[in-house]
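These notes are about the structure you will find just below.
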2 protein chains.
Amino acid sequence: MRRLNSSSADFPAQLAALLAFETAQNPEVDVAVARILADVKARGDAAVVEYTNRFDGLNASSMAELELSRAELEAAYQRLSTTQREALEAAAARVRRYHEQQVQHSWQYTEDDGTVLGQAVTPLDRVGLYVPGGKASYPSSVLMNAIPAKVAGVGEIIVVVPTPRGERNDLVLAAAYIAGVDRAFTIGGAQAVAALAYGTATIPQVDKVTGPGNQYVAAAKRAVFGVVGIDMVAGPSEILVICDGQTDPDWIAMDLFSQAEHDEIAQSILLCPDATYLEQVAASIAKLLPSMPRRDIIAQSLANRGALIQVRDLDDAAEIASQIAAEHLELSVVDPWALQAKIRHAGAFFLGRFASEALGDYCAGPNHVLPTSRTARFASPLGVYDFQKRSSLIYVSEAGAQTLGRIASVLAHGEGLPAHAKSAEYRLKDQA
Amino acid sequence: MRRLNSSSADFPAQLAALLAFETAQNPEVDVAVARILADVKARGDAAVVEYTNRFDGLNASSMAELELSRAELEAAYQRLSTTQREALEAAAARVRRYHEQQVQHSWQYTEDDGTVLGQAVTPLDRVGLYVPGGKASYPSSVLMNAIPAKVAGVGEIIVVVPTPRGERNDLVLAAAYIAGVDRAFTIGGAQAVAALAYGTATIPQVDKVTGPGNQYVAAAKRAVFGVVGIDMVAGPSEILVICDGQTDPDWIAMDLFSQAEHDEIAQSILLCPDATYLEQVAASIAKLLPSMPRRDIIAQSLANRGALIQVRDLDDAAEIASQIAAEHLELSVVDPWALQAKIRHAGAFFLGRFASEALGDYCAGPNHVLPTSRTARFASPLGVYDFQKRSSLIYVSEAGAQTLGRIASVLAHGEGLPAHAKSAEYRLKDQA
């Protein structure tokens, strides 16, 4: 695992190299995806069924066979152990409670002359949620995508989840049941994104597609952006830990593992002013790694993209953290709120020694869909606001039209747009 | 101008054809833009100066020559007529007041066991605002982009505006002065977007690029999305008017013109239940068109993409309006609020006979950067929220870690992520 020191002359260059991640799109994937999108747009259900049979090894003869009923979702829910069912329900309730705080409301104000200005905030009509199948099939992601949409008041939530060789994940279906998903289809890939974006005879067109997926799904989401809304296209997952050297080093090592176990390109970084403590964490890593079921992935991830960085002090750590703008940032220090106030960018702050990232991934309440690859500089966690949209409200009184019309007329003429000017001037009582 | 009737059997198909707009990207433009982006990324200032000299017919020898000082912006402001200066200031004050309502604030709540959850809302550090040069150079757009950023508390606002053959637009520079822009450069095109997204020796890297531009600018924004944030990529401008047949038909004709005069692919549509009134508006159009300075553009726009549509009643109009999800929607009826409540999607509602769209374009207060091409189904006007971002706050108490840790452990094991589970379990007093 890489060791850096922020006092080194070449630290800025080393940090830049550590964070660099090539997100270039793959032209071959783009071409393949474009063909699938065009085909689904042209042939609808028939194309979706064909691609699903081909890519997922199914043998469906119609889209109807690829729809999961609410009863099937509920049956999956009933098949879970009581422990799993209660854990999912508890997580859902906490996520719902947190997201209810995010609901935005319409507002307006009236000016002295009777003109009224405001903003109407309304839910999207219908959204599609992409849930990956196979190895990275996460019920927690179903909750994290569907619950904010539900809290926003979205009229209809449609889930698509591929079932390679017919394998269904009960936890995923149960999460869809708990979250109140309206319809579900066992389709995936670019063909599923196309079906949601363009609509087919069976699958109604949605207004936004959210949820993670492989590079085909990501390319398809980029391509349909504009026809429908999309959420962010996520990069590799990241954790940054700032520790003052007073937390059990095993805890910190395991927190770094929890990110590294996702995949070989995930990133785990620790910042600490105490060189001895960094050695202790390195020793914990060496000690704990052999016992981890996903040790190969963890070892590769830490070797490829991990780092233990000695900083001058916590203020130095705060400045470096703002540059990194990590997806997940743990502040394992004695006064985490004071440190948080000094850091400008992170997707989520985990404050205090007990706030391990895993708690936020599942059940603390806040969303686990977070901005990656330094995009926390300008992007936000997935939230209820992603499923609401705003419309401006402009009621102009006759008196208001006199004031506004004169200003608009001057500016419209200044921009060389005479019909704009005339349209304002018509509403003046004493036309210029 | 096209005449449609919503009672016709083929109306749904006619409406779909009317709204269809091919927004396909141009691969040649994408290739040219990719080359410019890579060059600016590699060579910085030198590349920007070269492209600027080549494309804008300048003869600069360094980036320093392409920077406009605050003093130069102020001088432009001073050169304006008093009338223009006052109109710009009045518009800016109204836009500022409206946008101040949009500021979002941080929040948090504490649970019984001491766990604290919340969301920190903070401004972006630095944004770049693209302002087109040449014929579509609009000071109002400078206000509409820069003021929300300023209200959000963005640390530094950088404007880029090309000056072909050295032509500077005093209104644009004055608007930048009024809006409190920090730095301004006379550069444009893909090279300006690249300079903002990657940074050069002279131009600091920004976190988000907003503002309209030609197809090279739009392609460059799409390409750098992810490195920096971008606002929406806008399509042709649109106005939809619903009238009950009681507004002066000349007013409505001019409102349709005000959109059509933007360019030949702008769209102006009128919905009215009264066939006689539609004839009156058609007569007004015929009467007024010859006197309009931009009559050729207006005539082409109305012929290409305009329509007068007879509807069954205002409820029918409301349903059609929700389908169109227009950028600008005028409700020129006796009870506009009742009608507004029935319409699910529009970028901006203009309510009442006096609320001509031009008033909103310049000075009513709401933003004039609005979702086009039916994207109002899921997108919102540009606003202060586009210049703020959110970070989740998760402080977990020791007691909270007991509750949350058990849930997380069950779910992490269910997802096959044992390091996640272990990281939660370490915080349990009574480790399982």
Side-chain angles (χ1 to χ4, degrees), chain A residues 83-84 87 90-91 98 117 124 138 140 171 207-208 229 251 254-255 257-258 261 292-293 346 348-352 354-356 358-360 362-366 377-381 389-396 398 401 404 407-408 410-411 414-415 417-420 422-424 426-427, chain B residues 83-84 87 90-91 98 117 124 138 140 171 207-208 229 251 254-255 257-258 261 292-293 346 348-352 354-356 358-360 362-366 377-381 389-396 398 401 404 407-408 410-411 414-415 417-420 422-424 426-427:
Chain A
T83 310
Q84 284 191 319
Y98 177 86
L117 301 173
L124 274 57
Y138 297 144
S140 56
L171 275 164
D207 299 302
K208 189 164 190 167
W251 293 16
M254 194 56 68
D255 294 353
F257 285 1
S258 74
E261 78 174 340
M292 300 309 300
F349 290 91
F350 294 79
L351 298 105
F354 286 93
S356 72
L359 304 181
Y362 290 109
C363 56
R377 291 175 297 127
F378 55 83
S380 300
K389 34 80 179 181
R390 309 171 184 86
S391 303
S392 303
L393 299 173
I394 306 173
Y395 169 83
V396 180
E398 182 167 1
L404 298 181
I407 301 169
V410 171
L411 296 177
E415 294 188 352
L417 294 173
H420 282 67
K422 204 66 171 173
S423 156
Y426 272 158
R427 271 80 173 180
Chain B
T83 309
Q84 284 191 319
Y98 178 87
L117 301 172
L124 273 57
Y138 298 144
S140 56
L171 276 163
D207 299 300
K208 189 165 191 169
W251 292 18
M254 194 57 67
D255 294 354
F257 286 2
S258 74
E261 77 175 340
M292 300 311 299
F349 290 92
F350 294 79
L351 297 106
F354 285 93
S356 71
L359 304 182
Y362 291 109
C363 57
R377 292 176 295 128
F378 54 84
S380 302
K389 34 83 181 182
R390 308 170 185 86
S391 303
S392 303
L393 299 173
I394 304 172
Y395 168 82
V396 180
E398 182 169 0
L404 298 180
I407 302 170
V410 172
L411 296 176
E415 294 187 351
L417 294 174
H420 283 68
K422 204 67 173 170
S423 155
Y426 271 158
R427 271 80 173 180

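Convention: sequence-line order gives letters A, B, ...; per-chain numbering from 1.
Residues Trp251(A) and Tyr426(B) come closest through the heavy atom pair CZ2-O, 3.4 Å. What you find for Leu124(A) and Phe378(B) is that their closest heavy atoms are CD2-CB, 3.8 Å. In this structure, Leu351(B) and Tyr395(A) approach most closely via the heavy-atom pair O-CD1, 3.2 Å.
The candidate with the highest count of non-hydrogen atom pairs below 4.5 Å against chain B, out of Ala346(A), Ala401(A), Ser391(A), is Ser391(A). Chain A forms the most heavy-atom pairs under 4.5 Å with one residue out of Ala424(B), Pro293(B), Gly360(B), Pro381(B), and that residue is Pro381(B). Of the residues considered (Ala90(A), Gly365(A), Ala358(A), Ser356(A)), Ser356(A) shows the highest number of contacts with chain B, using heavy-atom pairs under 4.5 Å. Counting heavy-atom pairs closer than 4.5 Å to chain A, the top-ranked of the candidates Gly414(B), Gly352(B), Ala364(B) is Ala364(B). With respect to chain A, the highest number of heavy-atom pairs below 4.5 Å among Gln84(B), Glu261(B), Lys208(B) belongs to Glu261(B).
Between the CG atom of Leu359(B) and the CD1 atom of Ile394(A) there is a distance of 8.5 Å, given to the nearest 0.5 Å. Distance check, rounded to the nearest 0.5 Å: CE of Met254(B) to CZ of Arg427(A) gives 10.0 Å. To the nearest 0.5 Å, atoms OG1 (Thr83(A)) and CD1 (Ile407(B)) are separated by 12.0 Å.
With hydrogens and angles disregarded, no donor-acceptor distance shorter than 3.5 Å links the side chain of Ser392(B) to the backbone of Ala348(A). The main-chain N or O of Ser258(A) is never found under 3.5 Å from a side-chain atom of Ser423(B) such that the two would form a donor-acceptor pair. No side-chain donor-acceptor contact under 3.5 Å links Glu398(B) to the backbone of Phe354(A).
Between Lys422(B) and Asp255(A) there is no salt bridge, since no side-chain nitrogen of the basic residue lies less than 4.0 Å from a carboxylate oxygen of the acidic one.
Looking at Ala379(B), only its backbone comes within 4.5 Å of chain A, counting heavy atoms on both sides. Both the backbone and the side chain of Leu411(B) have a heavy atom closer than 4.5 Å to some heavy atom of chain A.
The side-chain heavy atoms of Leu417(A) and Tyr362(B), taken from C-beta on, include a pair separated by under 4.5 Å. For the pair Leu404(B) and Cys363(A), the minimum side-chain heavy-atom distance is below 4.5 Å.
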